[in-house]
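We number each residue from 1, following the sequence as shown.
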Amino acid sequence: QVQLVESGGGLVQPGGSLRLSCAVSGINFNIYTMAWYRQAPGKQREVVASITSSGSTNSANSVKGRFTISRDNAKNTVSLQMNSLKPEDTAVYYCKALVFPEWGQGTQVTVSS
């Protein structure tokens, strides 16, 4: 069973930056694709970015050029660097190992002036 603990969320002004981190345990982290999702109030959860075991990344069109996903296989962590934040990025952000059903508790990101 995989355990995921997200951190790093908070309140930031439009145009600001945040870095989210996710500590992963219970699995052989190195071999799995990881992803960040988000869920805004009243909306479905959506994938934001993903990263394979070899480091290949993909991201949603809405965050391309602003968000960067990365992983540290030595520390079993996956991170999301978020720059040029917009109010529409406000959501609870979750990390997930794609092939496992478990979710973490999420971390709230609020972009507001």
A.B. asks: Decide whether a cation-pi geometry holds between R71 and F29; the criteria are a distance under 6.0 Å from NZ or CZ to the six-membered ring centre and an angle within 45° of the ring axis.
C.D. replies: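 Here R71 passes the 6.0 Å and 45° test against F29.
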A.B. asks: Distance under 6.0 Å and angle within 45° of the ring axis: does R45 meet both against Y94?
C.D. replies: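 So R45 does make the cation-pi contact.
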A.B. asks: Which atoms form the tightest heavy-atom contact between D89 and S84, and what is the distance?
C.D. replies: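 Closest heavy-atom pair between D89 and S84: OD2-O, 4.4 Å.
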A.B. asks: Any chance you could measure S53, atom OG, to M34, atom CE, to the nearest 0.5 Å?
C.D. replies: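 Here the interatomic distance stands at 12.0 Å.
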A.B. asks: For residues 4-16, which residue pairs qualify under side-chain hydrogen bond (donor to acceptor under 3.5 Å, both in side chains), counting only residues two or more places apart or in two chains?
C.D. replies: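 Listed by first then second residue: nothing to list.
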A.B. asks: If two hydrophobic side chains count as joined below 4.5 Å and joins carry through other members, does I69 share a cluster with Y32?
C.D. replies: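 The answer is yes; both residues are in one hydrophobic cluster.
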A.B. asks: Linking I/L/V/M/F/W/Y whenever any side-chain heavy atoms sit under 4.5 Å apart, do L11 and V92 land together?
C.D. replies: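 Per the 4.5 Å side-chain linkage, L11 and V92 are not co-clustered.
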A.B. asks: So N58 and S50, side chain to side chain donor-acceptor pair (under 3.5 Å) or not? Walk me through it.
C.D. replies: CA-CA 5 Å; N58 204 351; S50 61; 5.2 Å; no
A.B. asks: Assess whether side-chain contact (heavy atoms from CB on, under 4.5 Å) is satisfied between T90 and V109, documenting all intermediate values.
C.D. replies: CA-CA 5 Å; T90 295; V109 172; 5.9 Å; no
A.B. asks: When you measure from the centre of the six-membered ring of W36, is the NZ or CZ of K96 closer than 6.0 Å and no more than 45° off the axis?
C.D. replies: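 The answer is no; the distance or angle limit is not met.
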A.B. asks: How far does CG of N83 sit from CZ of F67, to the nearest 0.5 angstrom?
C.D. replies: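 Between N83 CG and F67 CZ, I get 8.5 Å after rounding to 0.5 Å.
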A.B. asks: Given side chains that start at C-beta, do those of Y93 and M82 come closer than 4.5 Å, heavy atoms only?
C.D. replies: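 Yes; the side chains approach each other to less than 4.5 Å.
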A.B. asks: Return the CZ to CD1 distance between F100 and I27, rounded to the nearest 0.5 Å.
C.D. replies: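 With rounding to 0.5 Å, CZ (F100) is 5.0 Å from CD1 (I27).
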A.B. asks: Crowded around K64 NZ? As in, over 12 foreign heavy atoms under 6.0 Å?
C.D. replies: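 Check passes, neighbour count above 12.
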A.B. asks: Determine the minimum heavy-atom distance between A23 and T77, stating which atoms define it.
C.D. replies: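 Between these two residues, the closest heavy atoms are CA-CG2, 4.2 Å.
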A.B. asks: Can you find a pair of side-chain heavy atoms, one from L80 and one from V48, that are under 4.5 Å apart?
C.D. replies: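 In short, these two side chains touch, coming nearer than 4.5 Å.
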A.B. asks: May I ask you to test the R38-L20 pair for a side-chain heavy-atom distance under 4.5 Å?
C.D. replies: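 When only atoms from C-beta onward are counted, L20 and R38 do not touch, as no gap falls below 4.5 Å.
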A.B. asks: Could you measure the distance from the CD atom of Q81 to the CG atom of L18? Nearest 0.5 Å is fine.
C.D. replies: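 Here the rounded value is 8.5 Å.
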A.B. asks: Among the clusters formed by ILVMFWY side chains lying less than 4.5 Å apart, do W103 and L98 turn up in the same one?
C.D. replies: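 In one cluster with W103: L98, yes.
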A.B. asks: Do V99 and L4 belong to the same hydrophobic cluster, where Ile, Leu, Val, Met, Phe, Trp and Tyr are linked whenever their side-chain heavy atoms lie under 4.5 Å apart, directly or via other members?
C.D. replies: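 Yes, V99 and L4 fall within the same hydrophobic cluster.
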A.B. asks: Could you report the tightest heavy-atom contact between S113 and P14, atom names first, then the distance?
C.D. replies: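 The answer is N-CD, 3.7 Å.
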A.B. asks: Quick check against the 3.5 Å criterion: does Q3 have a side-chain atom that pairs as donor or acceptor with the backbone of Q1?
C.D. replies: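 Flag set: sc Q3 to bb Q1 pair under 3.5 Å.
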A.B. asks: Hey, could you give me each pair passing disulfide (SG to SG under 2.5 Å) that has a residue in residues 65-102? Not counting sequence neighbours.
C.D. replies: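 Listed by first then second residue: C22-C95.
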A.B. asks: For the backbone of K75 and the side chain of D72, can you confirm whether one donor and one acceptor N or O come within less than 3.5 Å of each other?
C.D. replies: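 Side chain of D72 to backbone of K75, a donor-acceptor pair under 3.5 Å: yes, one is there.
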A.B. asks: Do S54 and T52 meet the criterion of a side-chain donor-acceptor pair at a distance under 3.5 Å?
C.D. replies: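 Indeed, the side chains of S54 and T52 share at least one donor-acceptor pair under 3.5 Å.
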A.B. asks: OG/S112 to CG/L85 distance, rounded to the nearest 0.5 angstrom?
C.D. replies: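 If I round to the nearest 0.5 Å, the distance is 12.0 Å.
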A.B. asks: Nearest 0.5 Å, please: how far is CD1 in I51 from OG1 in T33?
C.D. replies: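 The CD1 atom of I51 is 9.0 Å from OG1 of T33, to the nearest 0.5 Å.
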A.B. asks: Does atom CD of E88 have more than 12 heavy-atom neighbours from other groups under 6.0 Å away?
C.D. replies: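 Enclosed.
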